[in-house]
Student: 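Sharing a structure, written as structure tokens. Questions coming.
Proteins get letters first, then strands, A, B, ... in listed order; numbering begins at 1 in each. No experiment lies behind these values; they were computed from the predicted model shown.
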Number of protein chains: 2
Amino acid sequence: MHFESPSKTIFYQIEKAIKQYRTMAQVNLNQLGYNVTINQILLMIQIQQQSDISQVELANLLFKDVASVTRMIELLVRENLVQRAENKIDRRKKDLKITKKGGELLNKAIPVISKNRATAQKNMSEDELQTLFKLLNKIIINTSKK
Amino acid sequence: MHFESPSKTIFYQIEKAIKQYRTMAQVNLNQLGYNVTINQILLMIQIQQQSDISQVELANLLFKDVASVTRMIELLVRENLVQRAENKIDRRKKDLKITKKGGELLNKAIPVISKNRATAQKNMSEDELQTLFKLLNKIIINTSKK
DNA sequence: ATTATTTAGTTGATATATCAATTATATTTA
DNA sequence: TAAATATAATTGATATATCAACTAAATAAT
């Protein structure tokens, strides 16, 4: 059976695209001078958008392990960007809340992320974006566990 | 300025596709019973294909930091899958070689990887693959540092 | 030829990824 | 209701990611 060198496959191309996007996004974020990662910002955005979200749901949304989420939140709490408290109704759960400082950071970071997206999508039509979305979806369907 | 929720963007879709592919690939690889990661296999494949490759080149190829490569190779050496020796001509460099045990592992792992790729690309035509490749390339170009 | 700069690789510190085990609580089942 | 099971989150162990500092050797500049 023929074996294509990894660097010539579509998966390599996907990795390269997302890797470069992440790097570019991080570089631009760093210019805010906040010492925060893109992933931390994305985590905070989810908390802000849905204040009653659980850490399990956060992990699924961000394609991370719950253990990673626990530790990421720990850091954000330590830096006073997120507040964590016990949920009164289900005491296994934690209530997460963006602090004032966290909110100010998000206000600055979100425009940067918007700009990053625009940069990465430059010269791509709506049609092309939709095609890309659909083709990636095929891979997602093909690789989803049944 | 309008801000799209992260999970609705093309970048989220890319992350999801590659993440699921990696997970599926790792699960299938694990069935060989070897306790080795996809990334380790990809690293070994590069070494096998180009025996005089440097660790810097490996890092670039695999989108990793040279420090990560150093430690990955350390592990592979510890498990007797890769051999590392000083390069006689340029003594800063290391000569990397797949061991007999490593070769046997690759012989088993490569068909698995081929199968993973086929699974992930199921129902995708050559045209579609090419389109996907080109669209991703736009992002790669847009996000490459000048 | 000596000095300065660049390059290849390693190491340290800290954060994140992954898996397994554990704790505490909630829910389901007998 | 008591016991069994499931769920949310944490913790431990180990590997990997990232950045900075460092060592050793090669190459370029003076």
Student: Heavy atoms only, 4.0 Å cut-off, all strands: where does A:Asp90 land among base, sugar-phosphate and nothing?
Tutor: sugar-phosphate
Student: Counting neighbours of NZ on B:Lys108 that are heavy atoms of other residues, nucleotides or ligands and sit closer than 6.0 Å, is the number greater than 12?
Tutor: no
Student: Is the shortest side-chain N/O distance from B:Gln55 to OP1 or OP2 of C:dT10 below 4.0 Å?
Tutor: yes
Student: Given atom NZ of B:Lys94 and atom C1' of D:dA24, what is their separation to the nearest angstrom?
Tutor: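 Taking NZ of B:Lys94 and C1' of D:dA24, I get 10 Å after rounding.
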Student: How many whole angstroms separate atom CG of A:Asp65 from atom P of C:dT18?
Tutor: 7 Å
Student: Under 4.0 Å, heavy atoms only, any strand: does B:Leu96 hit a base, just the sugar-phosphate, or nothing?
Tutor: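 Answer is nothing: B:Leu96 stays at 4.0 Å or more from every strand.
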Student: Does the ring center of A:Tyr12 lie less than 6.0 Å from the ring center of B:Phe63?
Tutor: yes
Student: On a heavy-atom basis, which atom in B:Asp95 and which in B:Lys88 lie closest, and how many Å separate them?
Tutor: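 For B:Asp95 versus B:Lys88, the nearest heavy atoms are OD2-N, 4.4 Å.
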Student: Should B:Asn87 and B:Asp90 be marked as a side chain to side chain contact (heavy atoms under 4.5 Å, CB included) after you check the CA-CA gap, both sets of side-chain angles, and the distance that decides it?
Tutor: CA-CA 6 Å; B:Asn87 183 296; B:Asp90 185 339; 4.3 Å; yes
Student: May I have the distance from A:Leu43 (atom CG) to D:dA9 (atom C1'), rounded to whole angstrom?
Tutor: 14 Å
Student: On DNA chain C, does the nearest nucleotide to B:Val66 precede the nearest nucleotide to A:Lys88 from the 5' side, or the other way round? Give the residue.
Tutor: B:Val66
Student: Could you check how far CD1 of A:Ile89 sits from C1' of C:dA26, rounded to whole Å?
Tutor: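 It works out to 13 Å between those atoms.
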Student: When you compare the protein's N or O atoms with those of nucleotides 13-16 of chain C, which come within less than 3.5 Å of each other, and at what distance?
Tutor:
{"unit_1": "C:dA13", "atom_1": "N6", "unit_2": "B:Arg71", "atom_2": "NH1", "d": "3.3"}

Student: How is B:Ile73 classified with respect to the nucleic acid when contacts are heavy atoms under 4.0 Å: base, sugar-phosphate, or nothing?
Tutor: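 No contact.
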Student: On DNA chain C, compare the nucleotides closest to B:Ser54 and A:Arg92; which residue's is nearer the 5' end?
Tutor: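 The 5'-side residue here is B:Ser54.
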Student: Would the base of C:dT25 count as contacting A:Arg91 through its side chain, where contact means a donor and an acceptor less than 3.5 Å apart?
Tutor: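 In this structure, the two groups form no donor-acceptor pair.
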Student: In sequence, state the C-alpha distance, the side-chain angles, and the governing distance for B:Gln13 and A:Asn137, and then conclude on side-chain hydrogen bond (donor to acceptor under 3.5 Å, both in side chains).
Tutor: CA-CA 7 Å; B:Gln13 187 82 342; A:Asn137 210 46; 3.2 Å; yes
Student: Between D:dT11, C:dA24, C:dG9, which nucleotide gets closest to the side-chain atoms of A:Ala67?
Tutor: D:dT11
Student: Just checking A:Arg84: base, sugar-phosphate only, or nothing, at a heavy-atom cut-off of under 4.0 Å?
Tutor: sugar-phosphate
Student: Pick base, sugar-phosphate or nothing for A:Thr70, based on heavy-atom distances below 4.0 Å to the nucleic acid.
Tutor: base
Student: With a 4.0 Å cut-off, would you call A:Lys138 and B:Glu128 a salt bridge?
Tutor: yes
Student: Expressed in angstrom and rounded to an integer, what is the separation of B:Phe63 atom CZ from D:dA17 atom P?
Tutor: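 To the nearest whole Å, that distance equals 13 Å.
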Student: Please indicate whether B:Asp52 has more than 12 foreign heavy atoms, meaning atoms of other residues, nucleotides or ligands, lying under 6.0 Å from its CG.
Tutor: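 Count over threshold, so yes.
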Student: Assess whether side-chain hydrogen bond (donor to acceptor under 3.5 Å, both in side chains) is satisfied between A:Ser144 and B:Gln20, documenting all intermediate values.
Tutor: CA-CA 7 Å; A:Ser144 70; B:Gln20 275 196 193; 4.9 Å; no
Student: In whole Å, what is the span from the CD atom of A:Glu86 to the C1' atom of D:dA9?
Tutor: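 After rounding, the reported distance stands at 11 Å.
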Student: Grab the CG-P distance between A:Asn35 and D:dA20 for me, whole Å please.
Tutor: 10 Å
Student: Nearest whole angstrom, please: distance from the C1' of C:dG9 to the CD1 of B:Ile47.
Tutor: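 Answer to the nearest Å: 14 Å.
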